[in-house]
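Everything numeric here is computed off the predicted structure, so don't read it as measured data. Lettering of chains follows the sequences in order, A, B, ..., and the numbering in each one begins at 1.
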2 protein chains.
Amino acid sequence: MNDISILTKALQHSGLRLTPQRMAICELLAATDRHPTALWIYEQLRPRYPSLSLATVYHTLEALVGLGAINELGSAGDGTVHYDANVQPHINLACVSCHRVIDLPSEHIEHVASEVKDASGYRLFGARILYYGLCPECQAKAI
Amino acid sequence: MNDISILTKALQHSGLRLTPQRMAICELLAATDRHPTALWIYEQLRPRYPSLSLATVYHTLEALVGLGAINELGSAGDGTVHYDANVQPHINLACVSCHRVIDLPSEHIEHVASEVKDASGYRLFGARILYYGLCPECQAKAI
DNA sequence: TCTAAATTAGTAATGATTATAAATTGAAAT
DNA sequence: ATTTCAATTTATAATCATTACTAATTTAGA
Ligand SMILES: [Mn+2]
Ligand SMILES: [Mn+2]
Ligand SMILES: [Zn+2]
Ligand SMILES: [Zn+2]
(Lines give C-alpha, C1' and ligand atoms only; values in the text may rest on other atoms or scores of the structure.)
(Ligands and ions follow the chains in the order given, each with its own letter.)
Protein backbone atom coordinates (compact mmCIF):
# COMPACT_ATOMS: atom_id res chain seq x y z
CA MET A 1 0.00 0.00 0.00
CA ASN A 2 2.98 2.27 0.60
CA ASP A 3 6.46 2.51 -0.82
CA ILE A 4 8.85 0.08 0.80
CA SER A 5 11.87 2.05 -0.38
CA ILE A 6 10.89 4.89 1.96
CA LEU A 7 11.28 2.53 4.87
CA THR A 8 14.41 0.75 3.73
CA LYS A 9 16.14 3.96 2.67
CA ALA A 10 15.37 5.50 6.03
CA LEU A 11 17.12 2.62 7.75
CA GLN A 12 20.11 2.63 5.41
CA HIS A 13 20.52 6.41 5.39
CA SER A 14 20.69 6.43 9.18
CA GLY A 15 23.50 3.88 9.18
CA LEU A 16 21.40 0.94 10.29
CA ARG A 17 21.92 -2.35 8.49
CA LEU A 18 19.21 -3.65 6.22
CA THR A 19 19.02 -7.18 7.57
CA PRO A 20 16.64 -9.86 6.21
CA GLN A 21 14.50 -9.48 9.33
CA ARG A 22 14.24 -5.71 8.93
CA MET A 23 13.56 -6.06 5.23
CA ALA A 24 10.73 -8.50 5.90
CA ILE A 25 9.20 -6.18 8.49
CA CYS A 26 9.41 -3.25 6.09
CA GLU A 27 7.85 -5.29 3.29
CA LEU A 28 4.95 -6.21 5.51
CA LEU A 29 4.47 -2.66 6.74
CA ALA A 30 4.49 -1.31 3.21
CA ALA A 31 2.19 -3.98 1.80
CA THR A 32 -0.67 -3.75 4.28
CA ASP A 33 -3.34 -1.15 4.80
CA ARG A 34 -3.92 -2.50 8.28
CA HIS A 35 -2.37 -0.64 11.17
CA PRO A 36 -0.38 -3.49 12.62
CA THR A 37 0.82 -4.26 16.10
CA ALA A 38 4.21 -5.81 16.86
CA LEU A 39 2.55 -9.12 17.63
CA TRP A 40 0.62 -9.20 14.36
CA ILE A 41 3.82 -8.59 12.38
CA TYR A 42 5.57 -11.30 14.35
CA GLU A 43 2.82 -13.83 13.67
CA GLN A 44 2.69 -12.99 9.97
CA LEU A 45 6.43 -13.47 9.51
CA ARG A 46 6.96 -16.50 11.74
CA PRO A 47 6.07 -19.06 9.02
CA ARG A 48 8.74 -17.60 6.72
CA TYR A 49 11.24 -16.70 9.47
CA PRO A 50 10.81 -19.36 12.17
CA SER A 51 13.75 -17.98 14.15
CA LEU A 52 12.43 -14.42 14.21
CA SER A 53 12.20 -12.93 17.68
CA LEU A 54 9.45 -10.66 18.90
CA ALA A 55 12.16 -8.46 20.40
CA THR A 56 13.57 -7.87 16.92
CA VAL A 57 10.16 -6.74 15.73
CA TYR A 58 9.93 -4.27 18.61
CA HIS A 59 13.48 -3.00 17.98
CA THR A 60 12.81 -2.46 14.30
CA LEU A 61 9.54 -0.65 14.91
CA GLU A 62 11.22 1.57 17.51
CA ALA A 63 13.95 2.43 15.00
CA LEU A 64 11.44 3.26 12.27
CA VAL A 65 9.44 5.47 14.63
CA GLY A 66 12.61 7.28 15.69
CA LEU A 67 13.41 7.94 12.03
CA GLY A 68 9.91 9.23 11.34
CA ALA A 69 9.38 6.50 8.76
CA ILE A 70 6.27 5.17 10.50
CA ASN A 71 3.81 6.68 12.95
CA GLU A 72 2.96 5.35 16.37
CA LEU A 73 -0.82 5.60 16.71
CA GLY A 74 -1.22 3.98 20.13
CA SER A 75 -3.97 1.69 21.32
CA ALA A 76 -7.23 0.94 19.52
CA GLY A 77 -8.98 -0.19 22.68
CA ASP A 78 -6.89 -3.37 22.84
CA GLY A 79 -4.04 -2.12 25.01
CA THR A 80 -1.42 -2.62 22.32
CA VAL A 81 0.35 -0.08 20.14
CA HIS A 82 -0.71 0.15 16.51
CA TYR A 83 1.68 1.50 13.88
CA ASP A 84 1.02 3.27 10.58
CA ALA A 85 3.43 2.99 7.65
CA ASN A 86 1.54 5.74 5.85
CA VAL A 87 3.03 8.99 7.14
CA GLN A 88 1.18 11.15 4.61
CA PRO A 89 -1.28 13.40 6.47
CA HIS A 90 -4.55 11.53 6.90
CA ILE A 91 -7.17 10.70 9.49
CA ASN A 92 -7.28 7.33 11.26
CA LEU A 93 -10.50 5.85 12.62
CA ALA A 94 -10.17 3.27 15.37
CA CYS A 95 -12.98 1.01 16.53
CA VAL A 96 -12.64 0.26 20.23
CA SER A 97 -14.78 -2.87 19.83
CA CYS A 98 -13.17 -4.73 16.90
CA HIS A 99 -9.82 -2.91 17.29
CA ARG A 100 -9.55 -2.15 13.58
CA VAL A 101 -8.03 1.09 12.32
CA ILE A 102 -8.92 2.48 8.91
CA ASP A 103 -7.92 5.57 6.95
CA LEU A 104 -10.03 8.56 6.06
CA PRO A 105 -8.37 10.88 3.52
CA SER A 106 -8.80 14.56 4.27
CA GLU A 107 -7.70 17.79 2.70
CA HIS A 108 -8.16 19.68 5.94
CA ILE A 109 -5.66 17.53 7.82
CA GLU A 110 -2.98 18.40 5.26
CA HIS A 111 -3.41 22.03 6.20
CA VAL A 112 -3.13 21.08 9.85
CA ALA A 113 0.09 19.20 9.20
CA SER A 114 1.78 22.12 7.48
CA GLU A 115 0.42 24.47 10.12
CA VAL A 116 2.12 22.43 12.85
CA LYS A 117 5.32 22.02 10.87
CA ASP A 118 5.60 25.76 10.30
CA ALA A 119 4.35 27.22 13.56
CA SER A 120 5.04 24.81 16.41
CA GLY A 121 8.79 25.19 16.87
CA TYR A 122 8.98 21.46 17.50
CA ARG A 123 11.26 19.04 15.71
CA LEU A 124 8.55 16.62 14.67
CA PHE A 125 8.96 12.85 14.48
CA GLY A 126 5.41 11.82 13.73
CA ALA A 127 1.70 12.29 14.18
CA ARG A 128 -1.14 10.55 15.90
CA ILE A 129 -4.31 11.70 14.14
CA LEU A 130 -6.94 9.29 15.31
CA TYR A 131 -10.62 9.36 16.21
CA TYR A 132 -11.91 6.47 18.27
CA GLY A 133 -15.42 5.07 18.64
CA LEU A 134 -17.62 2.33 17.21
CA CYS A 135 -17.46 1.40 13.54
CA PRO A 136 -20.79 0.94 11.67
CA GLU A 137 -20.54 -2.88 11.90
CA CYS A 138 -19.98 -2.87 15.64
CA GLN A 139 -22.79 -0.35 16.14
CA ALA A 140 -25.15 -2.76 14.39
CA LYS A 141 -23.98 -5.65 16.58
CA ALA A 142 -24.46 -3.62 19.74
CA ILE A 143 -28.18 -3.05 19.11
CA MET B 1 -8.93 25.74 32.40
CA ASN B 2 -12.08 23.87 31.43
CA ASP B 3 -15.59 23.68 32.82
CA ILE B 4 -15.88 21.22 35.65
CA SER B 5 -19.65 21.01 35.24
CA ILE B 6 -19.17 19.31 31.88
CA LEU B 7 -17.34 16.51 33.65
CA THR B 8 -19.59 16.22 36.69
CA LYS B 9 -22.78 16.44 34.64
CA ALA B 10 -21.51 13.70 32.34
CA LEU B 11 -21.07 11.42 35.34
CA GLN B 12 -24.43 12.27 36.90
CA HIS B 13 -26.36 12.10 33.65
CA SER B 14 -25.07 8.60 33.01
CA GLY B 15 -26.28 7.43 36.40
CA LEU B 16 -22.87 7.32 38.06
CA ARG B 17 -22.60 8.74 41.57
CA LEU B 18 -20.70 11.95 42.07
CA THR B 19 -18.54 10.84 44.97
CA PRO B 20 -15.98 13.07 46.71
CA GLN B 21 -13.18 11.15 44.98
CA ARG B 22 -14.72 11.59 41.54
CA MET B 23 -15.46 15.26 42.26
CA ALA B 24 -11.83 15.86 43.25
CA ILE B 25 -10.56 14.14 40.10
CA CYS B 26 -12.90 16.21 37.94
CA GLU B 27 -11.83 19.42 39.68
CA LEU B 28 -8.20 18.65 39.02
CA LEU B 29 -8.85 17.73 35.38
CA ALA B 30 -10.80 20.91 34.79
CA ALA B 31 -8.32 23.16 36.58
CA THR B 32 -5.12 22.12 34.83
CA ASP B 33 -3.84 22.77 31.35
CA ARG B 34 -1.45 19.87 31.76
CA HIS B 35 -2.40 16.59 30.15
CA PRO B 36 -2.26 14.44 33.24
CA THR B 37 -1.58 10.79 33.79
CA ALA B 38 -3.40 8.66 36.35
CA LEU B 39 -0.34 8.67 38.59
CA TRP B 40 0.02 12.47 38.49
CA ILE B 41 -3.63 12.91 39.52
CA TYR B 42 -3.16 10.38 42.31
CA GLU B 43 -0.08 12.17 43.66
CA GLN B 44 -1.75 15.57 43.50
CA LEU B 45 -4.79 14.41 45.44
CA ARG B 46 -3.09 12.19 48.00
CA PRO B 47 -2.33 15.05 50.47
CA ARG B 48 -6.02 16.00 50.58
CA TYR B 49 -7.40 12.46 50.24
CA PRO B 50 -4.91 10.19 52.01
CA SER B 51 -7.12 7.15 51.54
CA LEU B 52 -7.51 7.64 47.78
CA SER B 53 -6.61 4.59 45.74
CA LEU B 54 -4.85 4.65 42.40
CA ALA B 55 -7.45 2.14 41.19
CA THR B 56 -10.18 4.69 41.80
CA VAL B 57 -8.32 7.20 39.66
CA TYR B 58 -8.07 4.68 36.84
CA HIS B 59 -11.76 3.73 37.17
CA THR B 60 -12.87 7.36 37.07
CA LEU B 61 -10.72 8.17 34.06
CA GLU B 62 -12.04 5.11 32.24
CA ALA B 63 -15.60 6.21 32.96
CA LEU B 64 -14.95 9.76 31.74
CA VAL B 65 -13.34 8.46 28.54
CA GLY B 66 -16.30 6.15 27.95
CA LEU B 67 -18.64 9.12 28.31
CA GLY B 68 -16.59 11.21 25.90
CA ALA B 69 -15.99 13.79 28.63
CA ILE B 70 -12.21 13.54 28.33
CA ASN B 71 -9.88 12.35 25.58
CA GLU B 72 -7.29 9.61 25.85
CA LEU B 73 -4.17 10.90 24.12
CA GLY B 74 -1.83 7.98 24.81
CA SER B 75 1.84 8.06 25.64
CA ALA B 76 4.14 11.07 25.38
CA GLY B 77 7.26 8.94 25.17
CA ASP B 78 6.96 7.94 28.82
CA GLY B 79 4.92 4.76 28.40
CA THR B 80 1.95 6.10 30.35
CA VAL B 81 -1.40 7.32 29.10
CA HIS B 82 -2.05 11.05 29.14
CA TYR B 83 -5.59 12.42 29.29
CA ASP B 84 -7.06 15.68 28.02
CA ALA B 85 -10.03 17.33 29.71
CA ASN B 86 -10.34 19.74 26.81
CA VAL B 87 -12.44 17.95 24.21
CA GLN B 88 -12.81 21.01 21.98
CA PRO B 89 -11.03 20.35 18.67
CA HIS B 90 -7.38 21.36 19.04
CA ILE B 91 -3.87 20.10 18.33
CA ASN B 92 -1.70 18.57 21.02
CA LEU B 93 2.10 18.69 20.89
CA ALA B 94 3.97 16.06 22.87
CA CYS B 95 7.68 16.21 23.64
CA VAL B 96 9.14 12.72 23.79
CA SER B 97 12.05 13.99 25.88
CA CYS B 98 10.40 15.97 28.69
CA HIS B 99 7.03 14.20 28.25
CA ARG B 100 5.06 17.44 28.34
CA VAL B 101 1.96 17.94 26.20
CA ILE B 102 0.80 21.41 25.20
CA ASP B 103 -2.07 22.75 23.13
CA LEU B 104 -1.96 24.45 19.77
CA PRO B 105 -5.27 26.03 18.76
CA SER B 106 -6.18 25.52 15.12
CA GLU B 107 -9.05 26.47 12.88
CA HIS B 108 -8.23 23.72 10.43
CA ILE B 109 -8.66 20.98 12.99
CA GLU B 110 -12.20 22.16 13.70
CA HIS B 111 -13.03 21.48 10.07
CA VAL B 112 -11.46 18.05 10.39
CA ALA B 113 -13.55 17.28 13.46
CA SER B 114 -16.84 18.13 11.76
CA GLU B 115 -15.69 16.29 8.64
CA VAL B 116 -15.19 13.11 10.67
CA LYS B 117 -18.39 13.56 12.62
CA ASP B 118 -20.43 13.95 9.44
CA ALA B 119 -18.77 11.52 7.06
CA SER B 120 -17.21 8.66 9.00
CA GLY B 121 -20.28 6.66 10.01
CA TYR B 122 -18.61 6.01 13.35
CA ARG B 123 -20.17 6.68 16.73
CA LEU B 124 -17.30 8.75 18.07
CA PHE B 125 -16.13 8.76 21.67
CA GLY B 126 -13.07 10.95 21.39
CA ALA B 127 -10.04 12.11 19.47
CA ARG B 128 -6.30 11.77 19.66
CA ILE B 129 -4.88 14.70 17.69
CA LEU B 130 -1.24 14.75 18.67
CA TYR B 131 2.09 15.48 17.03
CA TYR B 132 5.17 14.18 18.79
CA GLY B 133 8.78 15.32 18.65
CA LEU B 134 11.19 17.55 20.55
CA CYS B 135 10.04 20.83 22.09
CA PRO B 136 12.26 23.91 21.57
CA GLU B 137 13.75 23.61 25.08
CA CYS B 138 14.73 19.97 24.62
CA GLN B 139 16.15 20.70 21.18
CA ALA B 140 18.44 23.29 22.78
CA LYS B 141 19.54 20.83 25.47
CA ALA B 142 20.30 18.15 22.88
CA ILE B 143 22.88 20.30 21.05
C1' DT C 1 41.08 -14.32 6.86
C1' DC C 2 40.64 -11.65 11.02
C1' DT C 3 38.44 -8.35 14.00
C1' DA C 4 35.19 -5.65 16.15
C1' DA C 5 30.85 -3.77 16.20
C1' DA C 6 26.03 -4.41 15.09
C1' DT C 7 22.30 -7.33 15.24
C1' DT C 8 19.51 -11.15 16.58
C1' DA C 9 17.29 -14.53 19.52
C1' DG C 10 15.98 -16.14 23.77
C1' DT C 11 14.66 -15.17 28.08
C1' DA C 12 14.10 -12.44 32.30
C1' DA C 13 12.53 -8.23 34.33
C1' DT C 14 9.69 -4.22 34.46
C1' DG C 15 5.78 -1.61 35.43
C1' DA C 16 1.40 0.40 33.88
C1' DT C 17 -2.98 -1.19 34.04
C1' DT C 18 -6.71 -4.38 35.27
C1' DA C 19 -8.93 -7.85 38.11
C1' DT C 20 -10.42 -9.32 42.46
C1' DA C 21 -12.53 -9.31 46.85
C1' DA C 22 -13.57 -7.34 51.20
C1' DA C 23 -14.96 -3.04 53.41
C1' DT C 24 -17.48 1.22 53.02
C1' DT C 25 -20.86 4.36 51.40
C1' DG C 26 -25.23 6.11 50.25
C1' DA C 27 -29.75 6.38 48.22
C1' DA C 28 -34.06 4.65 48.61
C1' DA C 29 -37.79 1.75 50.94
C1' DT C 30 -39.93 0.39 54.95
C1' DA D 1 -34.61 5.93 62.09
C1' DT D 2 -33.45 1.46 60.48
C1' DT D 3 -32.85 -1.73 56.89
C1' DT D 4 -31.45 -3.06 52.49
C1' DC D 5 -28.78 -3.60 48.62
C1' DA D 6 -26.20 -2.07 44.91
C1' DA D 7 -22.49 1.09 43.81
C1' DT D 8 -18.15 2.45 45.04
C1' DT D 9 -13.70 2.48 47.19
C1' DT D 10 -9.62 0.48 48.84
C1' DA D 11 -5.92 -2.70 49.03
C1' DT D 12 -3.64 -6.05 46.89
C1' DA D 13 -2.72 -9.57 43.44
C1' DA D 14 -2.44 -10.71 38.68
C1' DT D 15 -1.77 -9.65 33.91
C1' DC D 16 0.82 -8.89 29.96
C1' DA D 17 2.80 -5.59 26.56
C1' DT D 18 7.11 -3.88 26.36
C1' DT D 19 11.99 -3.38 27.58
C1' DA D 20 16.37 -4.98 29.33
C1' DC D 21 19.83 -8.17 29.23
C1' DT D 22 23.20 -11.50 27.50
C1' DA D 23 25.15 -14.87 24.65
C1' DA D 24 25.30 -16.30 19.93
C1' DT D 25 25.41 -14.85 15.22
C1' DT D 26 26.18 -11.94 11.40
C1' DT D 27 28.51 -8.67 8.67
C1' DA D 28 31.26 -4.86 7.01
C1' DG D 29 35.75 -3.47 6.67
C1' DA D 30 40.88 -3.91 7.53
MN1 LIG E 1 -3.49 5.25 8.62
MN1 LIG F 1 -4.96 19.35 24.83
ZN1 LIG G 1 -15.75 -2.30 14.95
ZN1 LIG H 1 10.74 18.80 25.85
Single-linkage hydrophobic cluster, 4.5 Å side-chain cutoff, B:V116 and A:V101 together: no
Distances under 3.5 Å between nitrogen or oxygen atoms of protein and nucleotides 18-21 of chain D:
unit_1, atom_1, unit_2, atom_2, d
D:dT18, OP1, A:V81, N, 3.0
D:dT18, OP2, A:Y58, OH, 2.3
D:dT18, O5', A:Y58, OH, 3.3

Please report the distance, rounded to the nearest Å, between CD in A:Q12 and P in C:dT7. 12 Å
Expected list for residues 14-22 of chain A near DNA chain C, using heavy atoms below 4.0 Å, is A:L16, A:R17, A:T19, A:Q21, A:R22
If we ignore hydrogens and angles and just use 3.5 Å, is the side chain of B:T56 paired with the main-chain N or O of B:L52 as donor and acceptor? no
Ignoring hydrogens and angles, tell me if any N or O in the side chain of A:N86 forms a donor-acceptor pair with the backbone of A:D84 under 3.5 Å. no
Could you list by number each residue of residues 93-100 of chain A showing a heavy-atom separation from DNA chain D of less than 4.0 Å, or answer none if no residue does? none
Distance col, row A:S106:OG vs A:N92:CG, nearest 0.5 angstrom, shows 11.5 Å
Side-chain N or O of B:T56 less than 4.0 angstrom from OP1 or OP2 on D:dT10? yes
Using atom CZ of A:R46 as one end and atom P of C:dG10 as the other, report the distance to the nearest whole Å. 11 Å
Through what angle, rounded to 10 degrees, does the axis of the helix from C:dT1-D:dA30 to C:dT30-D:dA1 turn between its ends, using five pairs per end? 30°
In whole Å, I'd like the distance from the OH atom of A:Y49 to the C1' atom of D:dT26. 15 Å
Check: B:T32 side chain, B:L29 main-chain N or O, donor-acceptor pair, under 3.5 Å: no
CG of B:L52 versus P of D:dT8: gap in Å, rounded? 15 Å
Test your reading of the model: is there a side-chain donor-acceptor pair from B:Q139 to the backbone of B:L134, 3.5 Å cut-off? yes
Specify the separation, in whole Å, of atom CD of A:E43 and atom C1' of D:dA17. 13 Å
Could you grab the distance from atom CG of B:L7 to atom OG1 of B:T60, nearest 0.5 Å is fine? 11.0 Å
Donor-acceptor check, side chain of A:Y132 to backbone of B:E72, threshold 3.5 angstrom: yes or no? yes
Ring pair (Phe, Tyr, Trp, His ring centres under 6.0 Å) partners of residues 58-108 of chain B, not counting sequence neighbours, each pair once: A:H111-B:H108
Hydrophobic cluster identity match, A:I109 and B:L124, side-chain contacts under 4.5 Å: yes
Going by atom types alone, do A:D103 and A:H35 pair a side-chain donor with an acceptor below 3.5 Å? yes
Side chains of residues 17-27 of chain A: which donor-acceptor pairs under 3.5 Å do they make with residues two or more places apart or in other chains?
unit_1, atom_1, unit_2, atom_2, d
A:T19, OG1, A:R22, N, 3.2
A:R22, NH1, A:R17, O, 2.9

Looking only at atom types and distance, does a side-chain atom of B:R128 sit under 3.5 Å from a main-chain N or O of A:L73, one as donor and one as acceptor? yes
Between CE of B:M23 and P of D:dT9 the distance, given in whole Å, is 13 Å
